Every structure is written in structure tokens, then in C-alpha cells.
Amino acid sequence: MLLQTNPYLYQGHSDIYSVTSHVMLTGRGANKFAESIGITMVPTDKLVTEYERKEWEKHKKYIAGVNEEFNTQAHDTVGAVALDSAGNVACATSTGGIRNKMLGRVGDSPVIGCGGYADNISGAVSCTGHGESILKVTLARLILSHVEQGKSVEDASQLSLQHMGDRVQGAGGAIVVSPSGQWAAAFTTKRMAWAAAEDDVLWFGIDPKEKLKEKLSL
Ligand code: ASP
């Protein structure tokens, strides 16, 4: 869970958990903090769909390593990057992770610099793909390092994904936006569903090299 560090945002909450300069909380502490700022809590059961339960029952018989799972299963990671009119960028990454993972497995998605990163100087990135590989190369930060060294967001994404493939044999994808509004959606997986809204145009695709567009009626 990423936190807003501005204490004034939570003015009015007296609980000590409502004001913090920490940037990441996990487990019980994160829950307690969320509750203290008024986020509705739901029982864990509500987050498990019947479809997912059946899929898990089906696949747990063929327990495979994370690599095999990643290559054979569909994934549910959803990511977003955004740029506002004042030049602020932001990223968000949410995932159910990967099936048949070990208890305690942490993927790339919540780890700053791996599943996502945002900096008003270089841009915002959100990643998907084989979490263990993304963690090993700190993919989101790697992409922005290339941008800081002068690469376009497209080249920076391609180079970094290529590096992840060469160095740790992992596939993945990333969406990126720069503070000047350049954006890219790149992947080395077989497919990645993506969409981008730019002025009154919606860009979208799913297969490699696919880039379709539609005019938005605003
Ligand atoms: N990156 C996620 C994970 O490894 C999976 C995904 O992107 O679908 O947990």
C-alpha cells in the first residue's frame, strides 16, 4: 500500500495511524491504517470469486513452479499511469498475483521501483508479467533510468524488457507516461491488453504491434 505523505490530507483523524511519513505499510498495519482513514473493510471471502475458486481447484493438482504457472495461466494484473494538467504523474498497480504461489510470496506489484514507479522528473510506469523476474531487474525503475539518460519512453520500455528477457529469462509488459505526455505500452509476453486516452483519441491493442484508435465523444 502506497501512502500519501502529506499529513494534512488526514486532518481530523486523531488516531496515530492516520498520520505517517512512512511510504509503505503491509499486513495488519496496512489494514489498521486503511480503517483509520475510513476505507471500508470487506471480509476476505468476498474477494474470492466462484470462477477463481474452481480454477484453483483445477490447477492445484498440477502444482508447478511460478515460472510454469506464469507461462500457462491468464493473469489479472491491472495497471494505470496518468499525467495531469499540472505535469504530475502517477502510477497504480493491482494484482491477485499468480496461482499456486507459496504462502508469503510477494510479487513485484506492491514493491516500489518494480511493479510501479512515478517521479515528476522522468515519468510513471506500471508493470505486469513474471513477478520474480521484474523484482530481479527492478523493471519500473530501470525503464525510468533509461528515460533519464535520454531514451524515449518506447525505447526505454523495449530495452528494459529485452534486458529482463536476456538477463533473467522473464517476460512482461509495461505502460509508461512521461511528464511531457509521451506514452508507451510495450510487452514481451504473447499479449497484453492496453488502452490509452490522449486528448479526444482512444488508442488500444492486445497483440504485438497492434495499435488501433477510436475518436472519443467527450
Ligand atoms: N506481476 C504479477 C505477479 O507476478 C502477475 C501479473 O502481472 O499478472 O504477481
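All ligand and atom numbering here is 1-based and tracks the order in the structure. Just so you know, residue 1 is the first one in the sequence shown, and it goes up from there. Here the structure is a predicted model, which is why all the values come from computation and not from measurement. The figures here come from the full heavy-atom set of this structure, side chains too, leaving out hydrogens, waters and symmetry mates.
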Under 4.0 Å from a heavy atom of [X]: which atoms of ligand 1 are those, numbered in the order shown and with their elements?
X: G97; value: 5 (C), 9 (O)
X: R105; value: 3 (C), 4 (O), 9 (O)
X: T128; value: 6 (C), 7 (O), 8 (O)

Exercise. Taking the side chain as C-beta and beyond, is there a heavy-atom pair between T93 and C127 under 4.5 Å?
Worked result: no
Going by heavy atoms in the side chains, are E132 and R105 under 4.5 Å from each other? yes
Q.
If I apply the N/O under 3.5 Å rule, does G131 come out as touching ligand 1?
A. yes
Does atom CG (L47) have a neighbourhood of more than 12 heavy atoms from anything else shown, all under 6.0 Å? yes
Partner of K54 under side-chain contact (heavy atoms from CB on, under 4.5 Å), picked from E50, E52, E57, is E50
Please lay out, stage by stage, how E210 and W194 fare under the test side chain to side chain contact (heavy atoms under 4.5 Å, CB included).
CA-CA 10 Å; E210 188 175 44; W194 63 269; 5.9 Å; no
Restricting to heavy atoms, the pick from I98, D108, T95, T77 nearest atom 3 (C) of ligand 1 would be D108
